[in-house]
Amino acid sequence: MAIEQGPPTADNPWPVALLGAKIRDWIDRLGTAWVEGEITQWNVAGGNVYGKLKDVEVDATVSFSIWSSVRSRVPADLKQGDRVVAAVKPNYWVKGGSLTMQVVEMKHVGLGDLLERLERLRRTLAAEGLFDPSRKRRLPFLPHRIGLITGKDSDAEKDVKRNAQLRWPQVAFRTVHTAVQGERAVGEVTAAIVELDADPTVDVIIVARGGGDFQNLLGFSDEGLVRTAAAATTPIVSAIGHEADRPILDEVADLRASTPTDAAKRVVPDVAEELANVRQARARLGLRLSHVLAVEADRIAALRSRPALASTAWLVDTRAEEVARDLSRARELVDRRLERSHADVGHLTARLRSLSPRDTLRRGYAIVQTTDGGVVRGSDDLDGATPVHVTLGAGTATGTLEPDGPGPDGSGA
């Protein structure tokens, strides 16, 4: 029966088969395209492979199939988690109404391409200072709780816990199990870092994985995961590879450990070793203190053996003679000073006596004073009969004076 291919309307709709045929024809015209992604599913059935390919940067997935006739031409070691480039031809199955990508050719992404991309990311992060040693935080000397991010029941988890508890039995862990490879690894590890960093009881975070090939470790070079680790405030230890593997997380982490065992040894101090160090330090301190005390005791003994300290008599005798000489000299100086002072007093006394009014009175003069204490110098100082007080050379007298004219020099008498 011929299928009418006119424009579809509500009155003249297309059959489903016609729509499917048109979709198939349109998809067939797309031809073959090379795509890149990560294998997230790889199932073999009847010699054919059915899988899924995920974009390496955004959340986008397509299904693919590899027929048995093509499988012999693809690498035999392809598996889930591998990063590949594939030549795919879109194929729409009309009967089932499904779209799948038929793989014509598939191969691992060239190592050179991956390394170039990682190197560009390294340069970008380095330019931002995320690799700068000055921003790396010091690990706590004795972490009370360690945050551990690792695969469930993995050898890495056992190695970290066993070696840490052998070194310090009291250490505690908060473990977050995540995928450590494949499409879920980046998201789960990133979320685990955020979760443990927000826990105030966690002193340090260890991200542990027991090594692996280069492609299995690519998730630990994811830009989002690396930036989350750089932004964390809790110190982070990267223990996800061996010496030959250097994911970018190693560069950003505050400490890179070559293995999970190495991480445990570098994060947790050895209790036996620390106790031995304490004993050695105490022994060295005791020896040093004993040496200092012995040296000081010898120094004191040497000082005490000197003549100045061995016998004090000579010092007292010497000082006694000096004191006697100084005392004799002082007495002599005092006597001389007193003699000069006595002589000076005699001279001053004689001068004072020569100027004294009393000596003048002894020569026959007298001092006449009125009763109010005024000195009578002439008859003008008298107002009629005036009571007076007379001071003589020996004794005093009182009486009354009257003016009797001027004296010999014309003044009143």
Check whether [X] reaches the backbone of [Y] with its side chain - one donor and one acceptor, N or O, closer than 3.5 Å.
{"X": "Asn163", "Y": "Ala264", "result": "no"}
{"X": "Asp254", "Y": "Ile236", "result": "yes"}
{"X": "Arg209", "Y": "Val180", "result": "yes"}
{"X": "Ser221", "Y": "Pro247", "result": "no"}
{"X": "Arg266", "Y": "Arg256", "result": "yes"}
{"X": "Asp203", "Y": "His144", "result": "yes"}

Are side-chain heavy atoms of [X] and [Y] found at a separation under 4.5 Å?
{"X": "Arg282", "Y": "Val278", "value": "yes"}
{"X": "Arg174", "Y": "Ile146", "value": "no"}
{"X": "Arg162", "Y": "Arg167", "value": "no"}
{"X": "His389", "Y": "Thr370", "value": "no"}
{"X": "Arg123", "Y": "Glu119", "value": "yes"}
{"X": "Arg288", "Y": "Val292", "value": "yes"}
{"X": "Asp250", "Y": "Ile240", "value": "yes"}
{"X": "Ile27", "Y": "Arg24", "value": "no"}

#### Entry: side chain to side chain contact (heavy atoms under 4.5 Å, CB included) evaluation trace for Met106 with Ile66
CA-CA 9 Å; Met106 180 179 285; Ile66 305 176; 4.2 Å; yes
### Task
Would you check, one step at a time, whether the test side chain to side chain contact (heavy atoms under 4.5 Å, CB included) holds for Val160 with Ile206?
CA-CA 9 Å; Val160 171; Ile206 298 177; 4.1 Å; yes
Donor on one side chain, acceptor on other, [X] and [Y], under 3.5 Å:
{"X": "Thr9", "Y": "Asp11", "result": "no"}
{"X": "His177", "Y": "Glu188", "result": "no"}
{"X": "Thr175", "Y": "Lys161", "result": "yes"}
{"X": "Asp197", "Y": "Thr233", "result": "yes"}

Give the minimum heavy-atom separation between [X] and [Y], together with the two atoms involved.
{"X": "Ala192", "Y": "Val176", "result": "CB-CG1, 3.6 Å"}
{"X": "Lys54", "Y": "Thr40", "result": "CB-CG2, 3.6 Å"}
{"X": "Val226", "Y": "Leu249", "result": "CG2-N, 4.0 Å"}
{"X": "Glu251", "Y": "Lys136", "result": "O-NZ, 2.7 Å"}
{"X": "Pro143", "Y": "Val204", "result": "CB-CG1, 4.0 Å"}
{"X": "Thr100", "Y": "Ser63", "result": "OG1-O, 3.7 Å"}

### Query
Going by an N to O cut-off under 4.0 Å, is there a salt bridge joining Arg83 and Glu36?
yes
### Query
Are Arg336 and Glu339 close enough for a salt bridge, meaning some N to O gap below 4.0 Å?
no
I'd like to know whether [atom1] of [X] has more than 12 heavy-atom contacts from other residues, nucleotides or ligands below 6.0 angstrom.
{"X": "Asp298", "atom1": "CG", "result": "yes"}
{"X": "Arg135", "atom1": "CZ", "result": "yes"}
{"X": "Arg337", "atom1": "CZ", "result": "no"}
{"X": "Lys89", "atom1": "NZ", "result": "yes"}

### Message
With side chain to side chain contact (heavy atoms under 4.5 Å, CB included) as the criterion, how do Val388 and Gln369 come out once you've worked through the C-alpha distance, each side chain's angles and the decisive distance to 0.1 Å?
### Response
CA-CA 6 Å; Val388 295; Gln369 295 174 289; over 6 Å; no
Gap separating the [atom1] atom of [X] from the [atom2] atom of [Y], nearest 0.5 angstrom:
{"X": "Met101", "Y": "Leu53", "atom1": "CE", "atom2": "CG", "value": "10.0 Å"}
{"X": "Trp42", "Y": "Lys79", "atom1": "CH2", "atom2": "NZ", "value": "10.5 Å"}
{"X": "Ser328", "Y": "Leu333", "atom1": "OG", "atom2": "CG", "value": "9.5 Å"}
{"X": "Lys22", "Y": "Asp25", "atom1": "NZ", "atom2": "CG", "value": "8.0 Å"}
{"X": "Ile149", "Y": "Thr178", "atom1": "CD1", "atom2": "OG1", "value": "6.5 Å"}
{"X": "Asn91", "Y": "Ser65", "atom1": "CG", "atom2": "OG", "value": "7.0 Å"}

#### Entry: Steps toward side chain to side chain contact (heavy atoms under 4.5 Å, CB included) verdict (Val237, Ile205)
CA-CA 6 Å; Val237 177; Ile205 299 172; over 6 Å; no
### Message
Angle between ring planes, Trp67 versus Tyr50, binned at 30° and 60°: parallel, tilted or perpendicular?
### Response
perpendicular
